[in-house]
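Residue numbering restarts at 1 for every chain, and letters A, B, ... go by the order of the sequence lines. Atoms considered below: every heavy atom in the structure, side chains included; atoms not considered: hydrogens, waters and symmetry mates.
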Amino acid sequence: MSKTEEPTAGDGGSNHLPIYQHRKTLVDAVSANQFLIVTGETGSGKTTQLPQYLYQAGLCRYGKIAVTQPRRVAAITVAQRVSHEMGVRLGLEVGYLVRFDDCTTKDTLIKYMTDGCMLRDILGDPGLIPYSVVILDEVHERSLNTDVLLGLLKKTPSRGFRGRTVPLKVVVMSATLETEKLSAFLDNCPVFTIPGRTFPVKELFCGLIGPKDKESSVYVKEVVKMALNVHTSEASGDILVFLTGQSEIEKACDLLFEKAESIDYRYDMHDRSVEGLLILPLYGSMPTDQQRQIFQPAPAGIRKCVVATNIAATSLTISGIRYIVDSGFVKQLNHNSRVGLDILEVVPISKSEAQQRAGRAGRTSAGKCFRIYSKDFWETCMPEYTVPEIQRTSLTSVVLTLKCLGVHDVIRFPYLDRPEERFILTALKQLYQYDAIDRKGDVTRLGRLMVELPLPPGLSRALLKSASLGCEELLLPVAAMLSVENILIRPGRPEKQKQAEVVHKELAACAGSCNDFLELRCIFEKCKTSDNPSTWCKNHWIHWRAVKSAFSVETQLRDILLRLKQQKDFPKETFRGRSSELLRQCLCLGYFTNVARRSVGKAFCTMDGHGSTVHIHPSSSLFGQELQLDWIIFHDVLVTGRVYVRTVCPIRYEWVRDLLPKLHEIDVYELSSVAREEVTDEEMARWEKKRAAQRQTDTSEDASKKLEKRNSESSISEARARYLQRKRNRIQAKDS
DNA sequence: GAGCACTGC
């Protein structure tokens, strides 16, 4: 094992951190307890120091120390820093593991990794044999994967489990919030608090937005006013403005120039600066070369004003920030199981999130946080904590992962915050529809194959179908392109927008038009075979960063498929049909839950039982051709004024005819016993009888007629009316 | 004829 079990000095510089004086107590606490919670503000050094202390104290004798992070960059940069402090080469004693980048060896003892990679590790080795300590970091962020890990590690592998020689130790690190709840969750384990080293931030409520202003987008205007106010009346120091998204940020930046002009500031369009104020937008899909300026200090006498999304709250740290202007809103993706859709909506942030934002001003000196909303807004509109991701998102992948790990009772699984039962049942229903689990709730062979692929289950299924037909080359680029961020660039300025639109239309036409999935494949191939991919992207208004990561994803998926195909029971099928229809027929196997049939005019009607009315999004290559289409499948949904489907492909009814009845074969409530693994023999018998009866009627009555009945116009409009009524009730309830 | 936060495998 390690040659250095004696304490090492490293490169120094860390001995003065607040955590240093608690060194021995911390090591003793980890040694004495199975669970430990360590809490402390940013700057306490817990992420970089604790693993080193444990290592120096010899806790690596029986295995590695794993430290999980919700983000890749964090895992990489922290590992770099720790290896430097310890004076060892990165990738040897200290390393990191993130997707596409494994910088570890089998001898690595301190391993920083993303929570997603840890989950993969567990799937391959539920006993976590190589590890002696697992440290979950940033638990207060409540990322989906960290929450799943927390539940899994609560029943931590003990001595003897799958060959473990010592029990696994679990350390949970979190900001000061909710530590009591965490301790109660982990068998009332001790909580260790480390003093932080941050500067005080004065928090001011400016009252420009009250509880009644929730719907409006007035926050853009008010935020601009506030930022200029800070610029004219506060001492030197950079400003960080928190807004909701790209278009709001662009708007705010434009307004900043205009307003600045009217209050007699010189306005220089070229470098986007008002005299004394350098205005810099910052959001995720921005090219990295444009982001660089944000991290450079402003020239002497100039104040930087960064207008950013939530990306600046956790993912990126900008030094020199002294003032925060907080809009109080965020864009959040919420899964609505009632309509079966994910909806991206603007919502007020939580109080803990507001504190997080304010904290960004106190990293290097004392700061001020200007909240554009009133104290009343704070008290009546903002929840204490952000609803954790596990309670807001589709659980299909999570439930499949749990089932594969032998957690069959996915309802009574120890969640720190339990998702609504309905969400869990919906996930089970989807897995059943994809044949990933059977009627008893057991994972099928297909389900075991699906869990290996880092894709949404539907897409996994489509890809596996293509692999069993031997035509995975067709689908691999599509699956890769669908799993990366936005491909098409949408410029902020209208004239550029037109330009981009023309080029994108040409690309769609190249792909034979009329199939957005094919267009993605076409972009992938054209870019890949071009002499200079990045220039090709620039010329075609395509995000090079996105396509580049699609290349990596494709390679990864290809490798996984290759491995899976070597299993001797990997399914093999032959395709009888037109080769031009091969791609679309494979897609149907993953997207038959997203089938829509043309209804009145240009509207379509989903066939999943919700019978929602959807429209083809204007960015689709099928837009404007609705009247020639009868049946479509779609990849995703966007809810704005209307419900839009994007990434669309026309299909023939025959391709989904035999699949659609599966959507109505089982009711969610029937799955409640499946979820709890309490399916009785009588229940199975009843079920078989019902299915037999169903098969009988299916032969006597045309299946498509039955489907039509289920999705008849009247039932759709009734469902819609019910939904709208509920929505009205909700709004009324919120207002009162 | 619209306007899409952020992560992660």
Side-chain angles (χ1 to χ4, degrees), chain A residues 68-75 97-102 113-124 138 141-149 217 242-251 282-286 308-316 327 329-334 342-347 349 353 386 389 392-393 397-398 400-401 450-457 459-460 479-480 483-494 497-498 500-501 549 552-553 556-557 560 602 615-620 623-624 626 636-647:
Chain A
T68 71
Q69 295 287 329
R71 279 172 299 281
R72 293 167 56 92
V73 257
L97 172 68
V98 298
R99 190 185 188 182
F100 309 130
D101 194 359
D102 180 358
M113 62 208 289
T114 49
D115 49 12
C117 279
M118 182 48 129
L119 212 46
R120 290 278 138 188
D121 259 16
I122 295 189
L123 267 168
E138 311 281 15
E141 285 187 25
R142 306 298 306 276
S143 86
L144 182 63
N145 287 333
T146 297
D147 264 18
V148 173
L149 286 173
S217 59
F242 279 106
L243 266 178
T244 45
Q246 176 182 349
S247 60
E248 293 88 347
I249 287 170
E250 300 280 356
K251 224 178 282 167
L282 171 64
Y283 43 84
S285 60
M286 237 169 58
T309 58
N310 243 8
I311 195 169
T314 48
S315 308
L316 299 175
S327 66
F329 290 94
V330 70
K331 253 175 213 165
Q332 205 172 64
L333 189 70
N334 294 321
D342 289 333
I343 300 174
L344 189 68
E345 47 191 356
V346 176
V347 294
I349 57 171
E353 216 173 338
T386 308
E389 209 182 343
R392 301 192 319 242
T393 47
S397 287
V398 170
L400 181 60
T401 306
M450 278 165 66
V451 84
E452 295 291 325
L453 293 160
L455 294 172
L459 201 48
S460 292
S483 35
V484 297
E485 68 256 57
N486 275 345
I487 299 288
L488 306 181
I489 294 174
R490 187 176 56 84
R493 308 208 173 277
Q497 225 173 86
K498 277 269 179 308
E501 222 168 81
S549 56
S552 312
V553 176
Q556 188 195 22
L557 294 176
I560 295 171
K602 292 179 166 185
H615 287 84
I616 293 178
H617 194 271
S619 67
S620 164
F623 179 78
E626 293 92 337
D636 60 349
V637 181
L638 177 70
V639 182
T640 50
R642 276 175 168 179
V643 180
Y644 289 102
V645 291
R646 293 184 306 181
T647 322

K.L.:
OP1 or OP2 of B:dT7 versus the side-chain N and O atoms of A:Thr314: is any pair under 4.0 Å?
P.N.:
no
K.L.:
Do any N or O atoms from the side chain of A:Thr146 and from the backbone of A:Arg142 form a donor-acceptor pair under 3.5 angstrom?
P.N.:
no
K.L.:
May I ask you to evaluate whether A:Ser315 reaches the phosphate of B:dC6, defined as a side-chain N or O under 4.0 Å from OP1 or OP2?
P.N.:
no
K.L.:
Evaluate the side-chain proximity of A:Leu123 to A:Val451: yes if any heavy-atom separation is below 4.5 Å, no if none is.
P.N.:
yes
K.L.:
Show, in sequence, the C-alpha distance, side-chain angles and deciding distance for A:Glu250 and A:Tyr283, and conclude whether the side chain to side chain donor-acceptor pair (under 3.5 Å) test is met.
P.N.:
CA-CA 10 Å; A:Glu250 300 280 356; A:Tyr283 43 84; 2.7 Å; yes
K.L.:
Compare side-chain N and O positions of A:Lys331 against OP1 and OP2 of B:dC4 and report whether any pair is under 4.0 Å apart.
P.N.:
yes
K.L.:
So do A:Cys117 and A:Leu97 actually touch side chain to side chain, heavy atoms under 4.5 Å?
P.N.:
yes
K.L.:
Side chain of A:Ile311 only, please: which of B:dA5, B:dG8, B:dT7 is the nearest?
P.N.:
B:dT7
K.L.:
Classify A:Ser247 by what it touches in the nucleic acid, base, sugar-phosphate, or nothing, heavy-atom distance under 4.0 Å.
P.N.:
sugar-phosphate
K.L.:
Could you check whether the side chain of A:Asn486 and the base of B:dC4 have a donor-acceptor pair of N or O atoms closer than 3.5 Å, going by distance alone?
P.N.:
yes
K.L.:
Could you state the CZ-C1' distance from A:Arg642 to B:dC4, rounded to the nearest angstrom?
P.N.:
17 Å
K.L.:
Checking the side chain of A:Glu389 only, and the main-chain atoms of A:Leu144 only, is there a donor and an acceptor separated by less than 3.5 Å?
P.N.:
yes
K.L.:
Would you indicate, yes or no, if B:dC9 has its OP1 or OP2 atom less than 4.0 angstrom from a side-chain nitrogen or oxygen of A:Arg72?
P.N.:
yes
K.L.:
Would you classify A:Gln497 as touching base, sugar-phosphate or nothing, given that sugar-phosphate means primed atoms plus P, OP1 and OP2, and contacts are heavy atoms under 4.0 Å?
P.N.:
base
K.L.:
Just the rounded figure in Å: distance from P of B:dC6 to CD of A:Glu248.
P.N.:
11 Å
K.L.:
Specify the separation, in whole Å, of atom CD of A:Gln69 and atom P of B:dC6.
P.N.:
20 Å
K.L.:
Among B:dC6, B:dC4, B:dC9, which is the nearest nucleotide to the side chain of A:Tyr283?
P.N.:
B:dC6
K.L.:
Looking at B:dC4, B:dC9, B:dG1, which one has an atom nearest to any side-chain atom of A:Pro618?
P.N.:
B:dG1
K.L.:
Looking only at side-chain atoms of A:Glu501, point me to the closest of B:dT7, B:dC6, B:dA2.
P.N.:
B:dA2
K.L.:
In whole angstrom, give the distance that lies between atom CG of A:Asp101 and atom C1' of B:dC9.
P.N.:
14 Å
K.L.:
Does A:Thr309 or A:Gln556 map to a spot on DNA chain B nearer the 5' end, using the closest nucleotide for each?
P.N.:
A:Thr309
K.L.:
Taking atom C1' of B:dG8 as reference, at what distance in whole Å does atom CG of A:Leu97 sit?
P.N.:
13 Å
K.L.:
Classify A:Arg99 by what it touches in the nucleic acid, base, sugar-phosphate, or nothing, heavy-atom distance under 4.0 Å.
P.N.:
base
K.L.:
Ignoring the backbone of A:Arg646, work out which of B:dG1, B:dG8, B:dC4 is nearest its side chain.
P.N.:
B:dC4
K.L.:
B:dG8 P sits how many Å from A:Arg71 CZ, rounded?
P.N.:
7 Å
K.L.:
How many whole angstroms separate atom CD of A:Glu345 from atom C1' of B:dC4?
P.N.:
14 Å
K.L.:
Within the side chain of A:Ser327, is there an N or O that forms a donor-acceptor pair under 3.5 Å with the backbone of A:Phe242?
P.N.:
yes
K.L.:
Please state how far atom CG in A:Leu149 lies from atom P in B:dC9, giving the value in whole angstrom units.
P.N.:
12 Å
K.L.:
Please check the phosphate of B:dC4 (OP1 and OP2 only) for any side-chain N or O of A:Ser619 closer than 4.0 Å.
P.N.:
no
